[in-house]
Protein chains: 2
Amino acid sequence: MNDSSDEGAERGTPSPRTEDTPRKGTRRKDARRNKETLLDAAAQLFVTSGVDAPVRDIAARAGVGLGTIYRHFPTRADLIIAVYRHQVESLAEAGPRLLAAAGSPHAALARWTDLFVDFLVTKHGLAAVLQSDNTGFETLHSYFLDRLLPVCTELLDAAAAAGEIRPGLTAYQLMRGVGNLCVGAESDTRYDARRLVALLVVGLRGDVMPQA
Amino acid sequence: MNDSSDEGAERGTPSPRTEDTPRKGTRRKDARRNKETLLDAAAQLFVTSGVDAPVRDIAARAGVGLGTIYRHFPTRADLIIAVYRHQVESLAEAGPRLLAAAGSPHAALARWTDLFVDFLVTKHGLAAVLQSDNTGFETLHSYFLDRLLPVCTELLDAAAAAGEIRPGLTAYQLMRGVGNLCVGAESDTRYDARRLVALLVVGLRGDVMPQA
DNA sequence: CGACGATACGGAACATGGTTCCGCTTAGCA
DNA sequence: TGCTAAGCGGAACCATGTTCCGTATCGTCG
């Protein structure tokens, strides 16, 4: 996974960087490592404690100081957005990897869907956080679709080609369905979205015996 | 407008209140007055500064201390809910009053709609605030429909009976339409929901000349 | 290899906003 | 006219985002 955060749009200063720099944000590798650590820590904490997790907790979990967070991510919202992009990226890369590593395409699809649910749980708090910069949210959302739909399609196609699932379900339908199953997953302990999603994926295989 | 806030469900203590107390929350009238003042101040501030208006600002606007707020409304969310109910109540009472006072039923409808927009602006921030107690939000929402639909219907019927508007629009359709026009009205200065709503209401009168 | 400057780091200090506490005031009653 | 409990104001407290700055470390250059 590459940096994938705020390096895309350079600061106003026309830095005399040689043109062929291999797009790493910084020269010191401890800084890059810390950034990664932070993104991971934040992602984990967002899953367990929601996007409202205090910045201090994230710093503690990552084992860094507050200053470190704020140098990498000028603002809390920036961190959240970075986590979001980071997760989209991970998810996109996980597709082919799982396909290669898992026992079967369907198993890969199941594992991928599970990761997707993690992502959605993080995502849901997002809209509330991004009230201010809601154009940024639109951008993010389209980025999310552009990046992930092909990956999901690939997983579905592979499973279909292997004859492991009944064909005809589009990636968009699946992702939308999973997304909807996850709506309101927080703040309701009686509701287990993950289980329902798992059932859905199992149901995708045609070999479950009908009831009678 | 009566108290309309947290008196409905009594605290756990079985207070030895005589059974025929005329359901006023408190014995001292300054307290009741302060509560009203607070609800009004909060409502105004919510319109101009959003539901995120600091408690201190509300206290200042109402000319009371912080303690006063927190005695009447144990928590920020309680205050917001109370304002919501209070506004629904005001809106419900405003219907007949406007009908009696305004020059024509259509004028009454126009004024009422304007008040309704004020209310919606306040309302939209609400969902975010009530993450925790989302059952309470459902309750509130149905209360809102139950209370307001008849009022709006009465206004529409009066205007229709006076021949001032083209008939056939239900109260639900109107309220829903206005509500949708107001979605996202905050955080976008280029969008003036109020103007669009006004246009809609004007359009309700049939006497605008078609273009050709 | 050692010095040195830029880069990054940690965390104290600050700002802001919700909530609690408590001594003082006052309405309502006898 | 007192008395007393209900109310009141606002200082103090706590939690959280953000800034600042002295210190530590990396990477380079002599």
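Order of the sequence lines sets the chain letters (A, B, ...), proteins ahead of strands, with each chain counted from 1.
Counting to the nearest Å, the P atom of D:dC8 and the CD1 atom of B:I69 are 11 Å from each other. Nucleotide D:dG9 holds its P atom 6 Å from the CG atom of B:N34, rounded to whole Å.
The heavy-atom pair separating A:I80 from A:V51 by the smallest distance is CD1-O, 4.3 Å. Nearest heavy atom pair, residue B:H106 against residue B:V201, reads NE2-O, 3.2 Å. Counting all heavy atoms, side chain and backbone alike, B:A62 lies closest to B:L38 at CB-CD2, 3.8 Å.
Listed by chain and residue number, B:L145, B:A171, B:Y172, B:M175 satisfy the side chain to side chain contact (heavy atoms under 4.5 Å, CB included) test with B:L149 (two or more places apart in sequence, or in another chain). Not counting sequence neighbours, the partners of B:D30 by the salt bridge (Lys or Arg N to Asp or Glu O under 4.0 Å) test are B:R28. Every residue meeting the side chain to side chain contact (heavy atoms under 4.5 Å, CB included) condition with A:A102, not counting sequence neighbours, appears here in chain and number order: A:A107, A:A108. For A:R111, the side chain to side chain contact (heavy atoms under 4.5 Å, CB included) criterion is met by A:L98, not counting sequence neighbours.
A distance of 9.5 Å separates CZ in B:F73 from CD1 in B:I58, rounded to the nearest 0.5 Å.
Chain A approaches DNA chain C within less than 4.0 angstrom (heavy atoms of the protein), and the contacting nucleotides run 5' to 3' from C:dA6 to C:dA13.
Mapping A:G65 and B:T75 onto DNA chain C by nearest heavy atom places A:G65 at the nucleotide closer to the 5' end.
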At under 4.0 Å between heavy atoms, which parts of nucleotides 19-30 of chain D does protein reach? Answer with one letter per nucleotide, 5' to 3': B base, S sugar-phosphate only, - none. B-----BSS---
